[in-house]
Amino acid sequence: LYPANNATTAEMTKPLPLTLPYKDVDGWVLLPARVNGRASIDFVLDTGASVVALIADQRTTHLDLDMRGVRRLGAPDDLAAPVGARQDGLAIDFGGVVLENQTALAIPAESLDCKGEHRRMAPFNGVIGHDLFRRFTVEVNRDKGTVTLHDPDTYHYSGRGRIGSG
C-alpha cells in the first residue's frame, strides 16, 4: 500500500500556508477530515505512518467501508502483520486541502485488541502521515492548537521552537 498514493493529487481549495485547527487528546494531534464528503472523523497526525489507515468501528459506519476483503497483510503466521481491507478512490478533505483518489487500509477495530483486554477506544478513527508530509512542510503549533501546511519550496523557519525530523 505504501506507494499507492504517491501519484495522487492534492486539491488546494485555500491557498498555502493553510492553517488547520486540531484537537489535542492525551497528546495526540487529531485533524478532523471528511472522507468522500461524509461526516467528519478524526485523523491522528503520525510522522511514522506510511499509509492512510481507517479504523472500522461504529464511529466509521457512515463511511460504508467495504470490509469483505479483510485479510492479514503479510505472512499468515506473522501476528505483527496488520489485518485490513484495501479501500480505493477516497477523497479526504481537511478543509482547504483535499487528498484525492487515496488508498487506505481499513482495519477492523476488534483486530487491534490482540489480548482480548477490551482497552478503551483510540480517540481517532484515521491515521495520516506520509501523504501530508511528502507534499507539505508541516508545522504543529501546540500553543495555538494549529497545524499549518506550507509549500516546502518556499518555507523558511524563523521561530524559536525546535525543528523535528519525524
Side-chain angles (χ1 to χ4, degrees), residues 1-13 18 20 22-115 119-140 147-152 164-166:
L1 286 178
Y2 176 72
N5 292 332
N6 282 348
T8 62
T9 60
E11 177 190 349
M12 299 303 304
T13 58
L18 174 63
L20 306 168
Y22 76 83
K23 294 183 248 180
D24 183 323
V25 178
D26 298 329
W28 298 100
V29 173
L30 305 182
L31 291 169
R34 296 170 62 86
V35 177
N36 290 347
R38 307 276 174 95
S40 183
I41 66 168
D42 289 326
F43 282 81
V44 65
L45 184 61
D46 184 346
T47 59
S50 58
V51 299
V52 176
L54 298 167
I55 300 173
D57 66 14
Q58 68 272 17
R59 297 173 295 171
T60 54
T61 55
H62 65 283
L63 299 179
D64 295 326
L65 300 172
D66 182 358
M67 301 304 289
R68 292 175 294 180
V70 171
R71 63 182 181 85
R72 184 166 304 284
L73 304 173
D77 60 344
D78 180 3
L79 297 179
V83 173
R86 183 178 170 134
Q87 309 292 308
D88 292 311
L90 303 176
I92 304 172
D93 184 350
F94 288 97
V97 60
V98 181
L99 303 181
E100 298 177 327
N101 200 28
Q102 296 294 288
T103 296
L105 178 64
I107 302 168
E110 61 272 10
S111 73
L112 300 174
D113 183 23
C114 9
K115 295 184 180 181
R119 298 178 186 171
R120 78 179 176 128
M121 278 192 280
F124 52 86
N125 280 101
V127 180
I128 189 81
H130 170 77
D131 293 289
L132 283 179
F133 292 113
R134 76 178 180 85
R135 292 179 168 92
F136 306 105
T137 298
V138 179
E139 175 187 359
V140 177
V147 170
T148 303
L149 306 178
H150 297 273
D151 181 339
S165 60

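In this chain, residues are counted from 1 in sequence order. Note that the coordinates shown come from a computational prediction; the quantities given were computed from them, not determined experimentally.
- Side-chain contact annotation: Ser111 with Arg72, donor-acceptor N/O pair under 3.5 Å absent.
- Contact check for Leu99 versus Val52: no side-chain heavy atoms found under the 4.5 Å cut-off.
- Between Asp66 and Gln87, the closest heavy-atom pair is O-NE2, 2.8 Å.
- Exactly one residue among Ile92, Val127, Leu132, Asn125 makes a side chain to side chain contact (heavy atoms under 4.5 Å, CB included) with Phe43. That residue is Ile92.
- The structure places CE of Met12 at 4.5 Å from CZ of Phe136, a figure rounded to the nearest 0.5 Å.
- A salt bridge (Lys or Arg N to Asp or Glu O under 4.0 Å) check over residues 91-104, counting only residues at least two apart or in different chains, returns nothing.
- In terms of heavy atoms, Gly89 sits closest to Asn101 at CA-OD1, 3.3 Å.
- The two residues Pro108 and Gly84 make their nearest non-hydrogen contact at CD-CA, 4.1 Å.
- Applying the ring pair (Phe, Tyr, Trp, His ring centres under 6.0 Å) rule to Phe133 yields no partners; only residues at least two apart in sequence or on another chain are considered.
- Proximity of Leu63 to Ile41: side-chain heavy atoms (C-beta onward) are separated by under 4.5 Å at one or more points.
- Between Leu31 atom CG and Leu149 atom CG the span is 8.0 Å, to the nearest 0.5 Å.
- Between Phe94 and Leu20 the shortest heavy-atom distance is O-CD2, 3.4 Å.
- Considering only heavy atoms from C-beta on, Thr60 stays 4.5 Å or farther from Leu54 through its side chain.
- Listed here is the closest heavy atom pair of Leu90 and Val35: CD2-CG1, 4.2 Å.
- Each salt bridge (Lys or Arg N to Asp or Glu O under 4.0 Å) pair with one or both residues in residues 44-65, not counting sequence neighbours, appears once here: Arg38-Asp64, Asp57-Arg59.
- Here the CD1 atom belonging to Ile55 is positioned 6.5 Å from the CD1 atom belonging to Ile107, to the nearest 0.5 angstrom.
- Taking both residues in full, the closest heavy atoms of Leu30 and Pro123 are given as CD1-O, 3.4 Å, listed atom of the first, atom of the second, then distance.
- The CG atom of Leu18 sits 9.5 Å away from atom NE2 of His150, with the distance rounded to the nearest 0.5 Å.
- Note: Arg135 CZ to Asp151 CG = 13.5 Å, rounded to the nearest 0.5 Å.
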